[in-house]
Amino acid sequence: MIEPILLHTPVLEWYSENARDLPWRADDATPWGVLVSEIMLQQTPVVRVLPIWHEWMQRWPTPKALAVEPPGEAVRHWGRLGYPRRALRLHACAKAIADEHGGEVPSDHATLLALPGIGEYTAAAVASFAFGGRHAVLDTNVRRVFARAVRGDEYPPTATSAAERRLAEALLPALGAPRWGVAVMELGALVCTARSPKCADCPISNLCTWRLTGKPAHDGPARKGQTYAGTDRQCRGRLLAVLRAAHGPVPKVALDAVWDDHVQRERALDGLITDGLAEHLPDGTYQLPT
DNA sequence: TATACGTGGTC
DNA sequence: TGACCAAGTAT
């Protein structure tokens with residue numbers, strides 16, 4: 001096991017020099033701003049989140065501001081970020097914060113975890129980055145850095161394991177856990193990337209087990225591919241794009257126009273309604289949830 | 001635990 | 001050029 005201090009110093013120094021200037025990391029960032037960023041960043045690159053985050057925070061600077069809107073407005077302004085159920089959950093999250101927490105984002109990990117759309121990672125991230133809590137933030141970047149540097153594997157396991165949690169906890173510094181967490185994430189995002197890691201720029205390449213052992217290729221089953229073309233997901237995306245653009249009820253023919261396969265189209269539409277992303281009105285039209 | 005869930009950029 | 005990947009969550 002590598003001594004934690006041997007990782008801390010170089011990673012933190014590297015972060016001081018290389019951290020991106022992101023608005024949710026600014027001194028004046030609010031817990032709500034951090035929470036919004038974390039939801040938007042789930043499975044979504046920073047560059048696509050940036051403009052939506054700015055618009056969102058200007059429109060809804062507080063949880064209460066969002067909570068009084070219909071959920072469809074959240075879905076509309078989510079734009080093309082992807083996974084629009086996140087917009088719905090963020091709206092539900094705002095309502096829960098407004099109704100049950102006096103409009104203030106909770107600082108406690110367990111309380112955050114109970115909110116819609118907030119799972120293990122996001123609860124730790126908000127508790128740590130917004131409130132200074134000492135939590136292990138295990139996102140895909142951190143998991144990859146630890147897998148390589150400590151375990152010597154090219155990639156972490158598919159699902160977060162107990163061993164990974166133990167390791168992350170063990171590496172957590174007594175002081176400055178939030179900065180350590182964001183520093184490791186940044187290292188994974190900018191240097192220790194999935195496909196072409198920039199080991200020449202890495203502050204811990206000298207003790208990285210994976211590099212020291214010759215960067216063995218990932219063994220085991222191929223990682224699950226994300227099919228998309230022709231799937232229900234693509235169909236749902238097409239349908240929802242029509243509803244977002246409409247600003248009002250949409251006749252069925254407008255939806256029929258964007259996807260040929262009748263059976264799949266109906267299934268996808270039903271799915272959107274089941275998920276609460278669309279409403280079917282008595283007159284046969286469709287719209288974003290009110 | 002495996003699967004569904006958007007979108008767009010990269011090599 | 002199509003597979004892979006991006007600060008995951010819910011079921």
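In what follows, every heavy atom counts, from backbone to side chain, and hydrogens, waters and symmetry copies are set aside. Note on naming: letters A, B, ... go to the chains in the order of the sequence lines (proteins, then strands), and numbering restarts at 1 for each one.
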B:dC5 and C:dC5: how far apart are their C1' atoms, nearest whole angstrom?
16 Å
If I take atom CZ in residue A:Arg233 and atom P in nucleotide B:dG6, what distance separates them, rounded to the nearest angstrom?
7 Å
Sidechain-backbone polar pair: A:Trp53 side chain, A:Gly33 backbone, donor-acceptor under 3.5 Å:
yes
With respect to the phosphate group of B:dG8, does any side-chain polar atom (N or O) of A:Arg80 fall under 4.0 Å of OP1 or OP2?
yes
Could one point to a donor on the side chain of A:Arg195 or the base of C:dC5 with an acceptor on the other under 3.5 Å away?
no
Let me spell it out: for each of A:Leu115 and A:Pro45, pick the nucleotide of DNA chain C with the closest heavy atom. Which residue's pick is nearer the 5' end?
A:Pro45
Students often get this wrong, so: under 4.0 angstrom with heavy atoms, is A:Arg236 touching a base, only sugar-phosphate, or nothing?
sugar-phosphate
So A:Arg76 and A:His247, side chain to side chain contact (heavy atoms under 4.5 Å, CB included) or not? Walk me through it.
CA-CA 9 Å; A:Arg76 186 188 313 287; A:His247 290 269; 3.4 Å; yes
For side chain to side chain contact (heavy atoms under 4.5 Å, CB included), just list the numbers for A:Thr209 and A:Val150, CA-CA rounded to whole Å, side-chain angles, deciding distance to a tenth of an Å, and then say yes or no.
CA-CA 6 Å; A:Thr209 305; A:Val150 181; 5.6 Å; no
In whole angstroms, how far is the C1' atom of C:dT9 from the CG atom of A:Leu138?
15 Å
Any side-chain N or O of A:Arg144 under 4.0 Å from OP1/OP2 of C:dA6?
yes
Salt bridge check, A:Arg179 against A:Glu186: does any charged N sit closer than 4.0 Å to a carboxylate O?
no
